[in-house]
**Student:** 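Can you read through this structure? Questions will come right after.
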Amino acid sequence: MIDIKELRRDPEALQKALGKRGAKVIDEQSAWHEAYELDKTQREKRTELEELQAKRNKYSKEIGLLRKNKEDTTEAMQAVAQVSSRVKELDIAVREAEELSKNVLLHIPNTPHASVPEGLSEDDNVFLRQWGEARQDDVPAHWDIGTDMKFLDFEAGVRIAGSRFTVLRGQAARLERALMQFMLDMHVDQHGYEEVWTPAIANQDSLQATGQLPKFADDLYKLEGEDAYLIPTAEVSVTNLYRDQIIDEATLPIQHCAYTPCFRREAGSAGRDVRGMIRQHQFDKVELVHVVAADQALAALEKLTSHAEAVLQALELPYRVVELCTSDLGFSAEKTYDLEVWLPSQKLYREISSCSSMGQFQSRRAAIRMRKGKSKPESVATLNGSGVAIGRCLIAILENGWQEDGRIKLPKVLQPYFNGLQHLG
RNA sequence: GGAAGGGUGGCAGAGUGGCCGAAUGCACCGGUCUUGAAAACCGGCAAAGGGAAACCUUUCGUGGGUUCAAAUCCCACCCCUUCCGCCA
């Protein structure tokens, strides 16, 4: 959620910052357009209500005293009766106004950080650096490699569940498992993360806190008849560890890593990446989440990104780092680095990790605060990033490790998970 | 799923209609004492919203109701604990 105090104090500045995401974000159809007025009426009504409530409370107290002294209360009772009925009416009106105002606020995206490059589309994203040697020879697509080697069974996935589901077999299934374990081991042993294992189902409050709801309900799988959704990312369950909590400053910064399956309906991406395992309804991911003091957000983002990069380097996968421009930022993010891995069959880089600072956007929605000594609690900053997506990582290993003899070279760090084996197939 | 008990501040835990936003303890912050620390003692300390401030409002699981007045009474729901059933 945007900072409501900022909205009241300097709406123009906020509008300018939001506008960098694109004209649509602040046009006449936008949530932003309504926000200021709705907040104002909501506050006016509330002030009026509070004055009446104060009056009612005063009368009630008087009645109490009169009763105690066995004095006559009829006059006071009459006075309070009028006030009470108006309080009831106004109370309903205030509730409605607040609901309306809050709902609109929940639809407004985060403001981009001042350091984010401005742009109109993903073409304006900024290349930052690359690592490794991108092989330029012809390599078969992972779906051909996977089918030939009996690693990937696309037909079985469709039979069991439907399109965009895949079955992994034999060494590929083991590779998926090895990748999970390798990534978690690395983040825990070398990067100082606390590992957590969380539910893969979350309720509406949780999804609202991290920003998937109310706006992106169509992207989620909802469980019928229950207040429950399959999580689209572990960011949801891990960040919500701290929802409605006041964290002692001494325990910050917090760094969690978690493995979870992720579920996405991919509504609106019909026809995109239909072949292979790039875009699945269910995929595995190791996620990194940081909770830090607000002024530490950007430093933490650099750190988190470097931890995700370390995974790709250890797996000997060539990649590049791109900073998203203002129009390509996700709803909750204030600044994002994408890690893109080299896919030699397509001769291009594909996203394998997205590392973002949410600033205080999520912590305001989720009421995640920290206490600094005696002072009032203040909102923390939250960050998250994939460390990394496992399915796409598996694809990258199949393609980048592919050899003319049909075997797959296994990165050194994974060999212990295969009893020392150096090649798959 | 059935039965019983319970949900109160950062934590523990009192509180059955007004003097309760709420005793007490722990934790935390400030101070006295001390060479320093501990102990002891004194003081402070819930959150959210509005306001320049004084101060006001709201919040005792959630929602509704009764009442001039609800943590306290009534109804529904959610969650927790224990026992039974079922189950990996």
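Keep in mind that this is a model prediction, so the values were computed, not measured. Letters go in sequence order (proteins before strands), and every chain restarts at 1.
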**Student:** If we take the P atom in both B/C29 and B/G17, what is their distance in whole Å?
**Tutor:**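 Looking at atom P only, B/C29 and B/G17 are 40 Å apart.
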**Student:** Ignoring backbone atoms, test whether A/R43 places a side-chain nitrogen or oxygen under 4.0 Å from the OP1 or OP2 oxygen of B/G51.
**Tutor:**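 Affirmative; the distance criterion is met.
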**Student:** Respond yes when some side-chain nitrogen or oxygen of A/N57 is under 4.0 Å from OP1 or OP2 of B/U57, and no when none is.
**Tutor:**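 Result: yes.
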**Student:** A/E302 and A/Y337: side-chain donor and acceptor closer than 3.5 Å?
**Tutor:**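 The answer is yes; a qualifying pair exists.
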**Student:** Identify the nucleotide, in any strand shown, that forms a Watson-Crick or G-U wobble pair with B/C26, with both distances under 3.5 Å; if there is none, say none.
**Tutor:**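 When the pairing criteria are applied, B/G10 turns out to be the nucleotide that pairs with B/C26.
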**Student:** Just how far, in rounded Å, is P of B/C77 from CD of A/E226?
**Tutor:**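 Roughly 17 Å, once rounded to whole Å.
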**Student:** With rounding to whole Å, what would you report as the distance between B/G63 and B/U8 at their P atoms?
**Tutor:**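 These two P atoms come out 16 Å apart once rounded.
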**Student:** Quick one: look up who B/U62 pairs with, Watson-Crick or G-U, both distances under 3.5 Å, and put none if it's unpaired.
**Tutor:**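 B/A76 is the nucleotide pairing with B/U62.
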**Student:** Kindly confirm or rule out a cation-pi arrangement of A/R177 over A/Y417, judged by NZ or CZ under 6.0 Å from the six-membered ring centre and within 45° of its axis?
**Tutor:**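 Cation-pi check for A/R177 and A/Y417: fails.
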**Student:** Classify the ring geometry of A/Y193 against A/H191: parallel below 30°, tilted from 30° to 60°, perpendicular beyond 60°.
**Tutor:**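 Perpendicular: the ring planes of A/Y193 and A/H191 meet at over 60°.
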**Student:** Could you tell me which nucleotide pairs with B/C86 by Watson-Crick or G-U wobble geometry, both distances under 3.5 Å, or answer none if nothing does?
**Tutor:**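 Across all strands, not a single nucleotide pairs with B/C86.
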**Student:** List the steps and the verdict of salt bridge (Lys or Arg N to Asp or Glu O under 4.0 Å) for A/E6 and A/R9.
**Tutor:** CA-CA 5 Å; A/E6 203 64 25; A/R9 209 186 54 223; 3.1 Å; yes
**Student:** Toward the 5' end of RNA chain B, which comes first, A/Q42 or A/L49, by nearest nucleotide?
**Tutor:**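 Checking each residue's closest nucleotide, the 5'-ward one belongs to A/Q42.
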**Student:** What distance, rounded to whole Å, do you find between the two C1' atoms, one in B/U72 and one in B/C19?
**Tutor:**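 Here B/U72 and B/C19 have their C1' atoms 15 Å from each other.
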**Student:** Between C1' on B/G49 and CG on A/D3, what's the gap in Å once rounded to a whole number?
**Tutor:**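 My rounded result for the distance is 14 Å.
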**Student:** In whole Å, what is the span from the CG atom of A/D91 to the C1' atom of B/U57?
**Tutor:**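 A/D91 atom CG is separated from B/U57 atom C1' by 11 Å.
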**Student:** What's the closest nucleotide to the A/A54 side chain, out of B/U57, B/G51, B/A47?
**Tutor:**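 Nearest to the side-chain atoms of A/A54, counting from C-beta on, is B/U57.
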**Student:** Check the distance between B/C56's C1' and A/E50's CD and give it to me in whole angstrom.
**Tutor:**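 Taking CD of A/E50 and C1' of B/C56, I get 7 Å after rounding.
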**Student:** Rounding to an integer number of angstrom, what distance separates B/G15 and B/G21 when you compare their C1' atoms?
**Tutor:**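 After rounding to an integer number of Å, I get 13 Å for this pair.
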**Student:** When the C1' atoms of B/G9 and B/A14 are considered, how many whole Å apart are they?
**Tutor:**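 Straight-line distance between the two C1' atoms is 13 Å.
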**Student:** Give the intermediate values and the outcome of salt bridge (Lys or Arg N to Asp or Glu O under 4.0 Å) for residues A/R86 and A/E48.
**Tutor:** CA-CA 11 Å; A/R86 290 228 38 218; A/E48 196 185 342; 3.5 Å; yes
**Student:** So among A/E44, A/R43, A/E50, which one has a side chain to side chain contact (heavy atoms under 4.5 Å, CB included) with A/R46?
**Tutor:**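 Only one of A/E44, A/R43, A/E50 forms a side chain to side chain contact (heavy atoms under 4.5 Å, CB included) with A/R46, namely A/E50.
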**Student:** Enumerate all atom pairs, one protein N or O and one N or O from nucleotides 64-68 of chain B, separated by less than 3.5 Å.
**Tutor:**
unit_1: B/C68; atom_1: O2'; unit_2: A/S60; atom_2: OG; d: 3.2
unit_1: B/C68; atom_1: N4; unit_2: A/R67; atom_2: NH1; d: 2.7

**Student:** Could you tell me how far B/A4 sits from B/A40 if I compare only their P atoms? Round to whole Å.
**Tutor:**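 Between the two P atoms, the distance is 46 Å.
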**Student:** Could you tell me if the side chain of A/L213 sits less than 4.5 Å from the side chain of A/Y229, heavy atoms only?
**Tutor:**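 Yes, side chains in contact.
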**Student:** C1' atom, B/U62 versus B/G44: distance in rounded Å?
**Tutor:**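 So the two C1' atoms sit 33 Å from each other.
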**Student:** Would you kindly say whether A/N203 and A/S206 are connected by a side-chain donor-acceptor distance under 3.5 Å?
**Tutor:**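 Note: A/N203 and A/S206 side chains meet the donor-acceptor criterion.
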**Student:** Just how far, in rounded Å, is C1' of B/U57 from NZ of A/K58?
**Tutor:**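 It works out to 15 Å between those atoms.
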**Student:** Could you give the CD-to-P distance, from A/E249 to B/G10, as a whole number of Å?
**Tutor:**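 Rounded to whole Å, this separation is 18 Å.
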**Student:** Can you tell me the distance, in whole Å, between the CD1 atom of A/I246 and the C1' atom of B/C11?
**Tutor:**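 Taking atom C1' of B/C11 as the reference, CD1 of A/I246 is at 12 Å.
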**Student:** Give me the distance, rounded to whole Å, that separates B/G30 from B/A39 when you measure between the P atoms they each carry.
**Tutor:**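 Pairwise P distance, B/G30 against B/A39, rounds to 15 Å.
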**Student:** Respond yes when some side-chain nitrogen or oxygen of A/R371 is under 4.0 Å from OP1 or OP2 of B/A46, and no when none is.
**Tutor:**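 The answer is no; no side-chain N or O of A/R371 sits under 4.0 Å from OP1 or OP2.
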**Student:** Could you state the NZ-P distance from A/K5 to B/A52, rounded to the nearest angstrom?
**Tutor:**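 Those two atoms, NZ and P, are 12 Å apart.
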**Student:** For a salt bridge (Lys or Arg N to Asp or Glu O under 4.0 Å) check, start with the C-alpha distance between A/E266 and A/R279, then their side-chain angles and the critical distance, and finish with the verdict.
**Tutor:** CA-CA 8 Å; A/E266 296 296 345; A/R279 193 175 296 274; 3.4 Å; yes
